[in-house]
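Working notes, structure below.
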Amino acid sequence: MTTRRKFLQLSALTSALGVLLPSSAKASTKSNSPIVVSTWEHGLPANAAAWNVLSSGGLAIDAVEAGVRIPEADPDVRTVGYGGYPDSEGNVTLDACIMDENMNCGSVAYLQGIKHPISVARRVMDKTPHVMLVGEGAKAFALQQGFIEENLLTAEAKADWKNWLKTRKVQQINIENHDTIGMLALDKKGNLSGACTTSGAAYKLPGRVGDSPIIGSGLYVDNEVGAATATGMGELMMKTVGCHLVVELMRQGASPEEACKGAVERIALKLGDYKVFQVGFLALNKQGEYGAHCIQPGFNYAVHDGNGAQLIDGKSLLKGA
């Protein structure tokens, strides 16, 4: 009787919280159909590089690293890697993390002078007992590993920064000033991996680090369930550990889109100023199903699978004018 009463109490509590209990009928199954998804339009060329790995039978972890290196090296992508907007002192500082199917992960934050922070994060994962290296320590490690120091501030980004210095207007992270590429992949073996990389908020305070290199906030992978990544106002994801929340909601039975919506609604419920920011979550589950949700209209995500490439508009909590 006591056991039954406790079960009924638990069922009532989870129902009251709007949470679904796990169902054995929804157990994860391996997929032999690879797929890669990533945030924003610059995810299209990134996905193409990742698909080259996946379609030839490569590992998801190799695919996501290869994929996000594309925008990292593209000076026209002003929120990731080379060509990214600098901080308020004119320094380009980069954050990135990567995570594989075995919960191995690596991360770098406040890294300067290295074009591919995602590959440095991969080395942290593969070559050290640590998860995260930051600042000068991350740079020293990168140089030790053979990475080349480069000037990442392009002439265009420098000109924009000098114009900003005239007003020093605070740049809100919204649909006009988003950041990050987050990428999730499922390979032919049915294994998931993810990567996230960014130059962060334009003209941020020196030393600021957002959610992108934080496992659980900007990226999370659980190979039994699914994976999630995020973009937008990093502080909001950090306050709610958003990507971990998305994966846990999928564990409890939610679809990827439902889980992303649940995380956005949690932000809206807990944080009163959410309407002035943009946050977008993107998720991929073990079955190869994907979905996204955001605060404001304007967030899109790229998909590449056996049917080719496409760009999809994410559903939003707020509606456009």
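This structure is a prediction, so every number in the text was calculated from the model and none was measured.
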Thinking salt bridges, do Arg122 and Asp62 make one under a 4.0 Å N-O criterion? yes
Identify whether the distance between the nearest side-chain nitrogen and carboxylate oxygen of Glu72 and Arg69 falls below 4.0 Å. no
Run the numbers on His244 and Val247 for side-chain contact (heavy atoms from CB on, under 4.5 Å), then give the verdict. CA-CA 5 Å; His244 182 267; Val247 172; 5.9 Å; no
Checking the side chain of [X] only, and the main-chain atoms of [Y] only, is there a donor and an acceptor separated by less than 3.5 Å?
| X | Y | result |
| --- | --- | --- |
| Asp187 | Lys189 | yes |
| Asn91 | Gln112 | no |
| Thr180 | Thr231 | no |
| Lys204 | Thr93 | yes |
| Ser217 | Val241 | no |
| Trp161 | Ser88 | yes |
| Glu101 | Asn223 | no |
| Lys188 | Ser55 | yes |

Step by step, work out the side-chain contact (heavy atoms from CB on, under 4.5 Å) result for His116 and Glu65. CA-CA 10 Å; His116 290 294; Glu65 180 185 3; over 6 Å; no
Would you give the length of the straight line joining atom [atom1] of [X] to atom [atom2] of [Y], rounded to the nearest 0.5 angstrom?
| X | Y | atom1 | atom2 | result |
| --- | --- | --- | --- | --- |
| Met183 | Trp40 | CE | CH2 | 15.5 Å |
| His293 | Glu257 | NE2 | CD | 7.5 Å |
| Leu317 | Ile267 | CG | CD1 | 10.0 Å |
| Cys196 | Asp211 | SG | CG | 6.0 Å |
| Ser316 | Lys261 | OG | NZ | 10.5 Å |

Output side-chain donor-acceptor pairs under 3.5 Å for residues 136-144, partner residues at least two apart or in another chain, one line each.
{"from": "Lys139", "atom 1": "NZ", "to": "Glu149", "atom 2": "OE2", "distance (Å)": "2.6"}

When the ring planes of Tyr203 and Trp164 are compared, do they come out parallel, tilted or perpendicular, using 30° and 60° as the limits? parallel
Quick one, [X] and [Y] - any side-chain contact, counting heavy atoms below 4.5 Å?
| X | Y | value |
| --- | --- | --- |
| Phe299 | Thr39 | yes |
| Leu186 | Gln287 | no |
| Ile181 | His42 | yes |
| Met250 | Pro256 | yes |
| Thr154 | Tyr82 | yes |
| Pro213 | Tyr110 | no |

Within 6.0 angstrom of Gln310 CD, more than 12 heavy atoms from elsewhere: yes
What closest approach, in Å, do Arg208 and Ala201 show between heavy atoms, and which atom pair accounts for it? NH1-N, 3.6 Å
Given the rule that I, L, V, M, F, W and Y join up when any side-chain heavy atoms are under 4.5 Å apart, are Phe281 and Ile312 in one cluster? yes
Could you go step by step and tell me if Met125 and Ile98 meet the side-chain contact (heavy atoms from CB on, under 4.5 Å) rule? CA-CA 8 Å; Met125 181 180 79; Ile98 193 166; 4.3 Å; yes
Trace of the side-chain contact (heavy atoms from CB on, under 4.5 Å) decision for Ile295 with Met233: CA-CA 11 Å; Ile295 292 178; Met233 183 65 178; over 6 Å; no
Given Leu94, which partner from the list Val80, Leu152, Ile118, Val120 fulfils the side chain to side chain contact (heavy atoms under 4.5 Å, CB included) test? Leu152
Going by atom types alone, do Ser212 and Asp95 pair a side-chain donor with an acceptor below 3.5 Å? no
